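Not measured: the values here are computed from a predicted model.
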Amino acid sequence: QVHLVESGGGSVQAGGSLRLSCAASGRTFSILDIVAMAWFRQAPGKEREFLAFINLSSGSGSYGDSVKGRFTISRDDAENTVYLQMNSLKPEDTAVYYCAAKMTGTSVYAYWGQGTQVTVSS
């Protein structure tokens with residue numbers, strides 16, 4: 001079992017920046033079984049949108065088109081934490097942001113955090 005907790009959300013003006021954190025906790029062997037972590041968001045009335053993922057072994061990853069060049073995903077293995085640095089924020093980035101974890105040998109993100117609200121004003 002893996003428990004994910006997001007933090008760092010808040011309100012910011014357009015053009016500003018925020019850094020979200022996602023801390024993973026659980027049994028040691030469960031944490032070691034995480035192969036990838038990702039960020040998603042969901043705005044009211046819209047479907048959940050993929051933002052970025054990072055492979056915890058290789059460090060490789062990818063980004064959704066809407067955030068490419070503005071958002072950066074990174075990890076701190078010692079802290080079991082993944083970050084999402086968000087720059088040049090736009091009002092359309094307003095949403096609840098979620099992190100998720102994918103376990104070794106699986107193809108879906110089985111564990112999700114509770115979400116953190118990001119509001120960008122114009």
Between Trp112 and Phe40, how do the two ring planes meet: parallel, tilted or perpendicular, split at 30° and 60°?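 Because their plane-to-plane angle lies in the 30° to 60° range, the rings of Trp112 and Phe40 count as tilted.
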
Derivation of the side chain to side chain contact (heavy atoms under 4.5 Å, CB included) call for Glu49 and Ser66: CA-CA 9 Å; Glu49 177 187 9; Ser66 64; 2.5 Å; yes

Do Phe71 and Leu20 pass the side chain to side chain contact (heavy atoms under 4.5 Å, CB included) test, and can you show the C-alpha distance, the side-chain angles, and the key distance before you say yes or no? CA-CA 10 Å; Phe71 291 9; Leu20 305 183; over 6 Å; no

CG/Leu51 to OG/Ser62 distance, rounded to the nearest 0.5 angstrom?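 It is 10.5 Å, given to the nearest 0.5 Å.
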
Quick one: pull up OG in Ser25 and NE2 in His3 and give me the separation to the nearest 0.5 Å.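 Interatomic distance, Ser25 OG to His3 NE2, rounded to 0.5 Å: 5.5 Å.
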
Given the rule that I, L, V, M, F, W and Y join up when any side-chain heavy atoms are under 4.5 Å apart, are Leu84 and Phe53 in one cluster?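 Per the 4.5 Å side-chain linkage, Leu84 and Phe53 are not co-clustered.
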
Thr119, Val118, Leu18 screened by side chain to side chain contact (heavy atoms under 4.5 Å, CB included) with Ser11, the one that passes: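 One option only clears the test, and that one is Thr119.
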
Give the minimum heavy-atom separation between [X] and [Y], together with the two atoms involved.
| X | Y | value |
| --- | --- | --- |
| Ala24 | Ile34 | CB-CD1, 4.3 Å |
| Ser57 | Arg75 | O-NH2, 4.3 Å |
| Tyr63 | Ala52 | CD2-CB, 3.5 Å |
| Gln114 | Leu4 | OE1-O, 3.7 Å |
| Pro91 | Ala14 | CD-CB, 4.1 Å |
| Ala95 | Gln117 | O-NE2, 3.4 Å |

Looking only at side chains, do [X] and [Y] share a donor and an acceptor under 3.5 Å apart?
| X | Y | answer |
| --- | --- | --- |
| Arg19 | Tyr83 | no |
| Asn87 | Ser17 | yes |
| Ser21 | Glu6 | no |

Taking the side chain as everything from C-beta on, heavy atoms only, tell me whether [X] gets closer than 4.5 Å to [Y].
| X | Y | result |
| --- | --- | --- |
| Gln1 | Tyr111 | yes |
| Thr116 | Val96 | no |
| Val35 | Leu56 | no |
| Lys102 | Val108 | no |
| Val67 | Trp39 | no |
| Met86 | Val12 | no |
| Glu92 | Thr94 | no |

Decide yes or no on salt bridge (Lys or Arg N to Asp or Glu O under 4.0 Å) for Asp93 and Lys90, but give the supporting numbers first. CA-CA 5 Å; Asp93 292 320; Lys90 306 174 183 179; over 6 Å; no

Relative to Tyr98, does Arg48 satisfy both conditions: NZ or CZ under 6.0 angstrom from the six-membered ring centre, and within 45 degrees of the ring's axis?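 Yes, a cation-pi geometry holds between Arg48 and Tyr98.
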
Verify side chain to side chain contact (heavy atoms under 4.5 Å, CB included) between Met103 and Val2, making sure each step is shown before the conclusion. CA-CA 10 Å; Met103 311 306 284; Val2 173; 3.9 Å; yes

Donor-acceptor check, side chain of Thr81 to backbone of Glu79, threshold 3.5 angstrom: yes or no?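 Yes, the answer is positive, given that a donor and an acceptor are paired below the 3.5 Å cut-off.
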
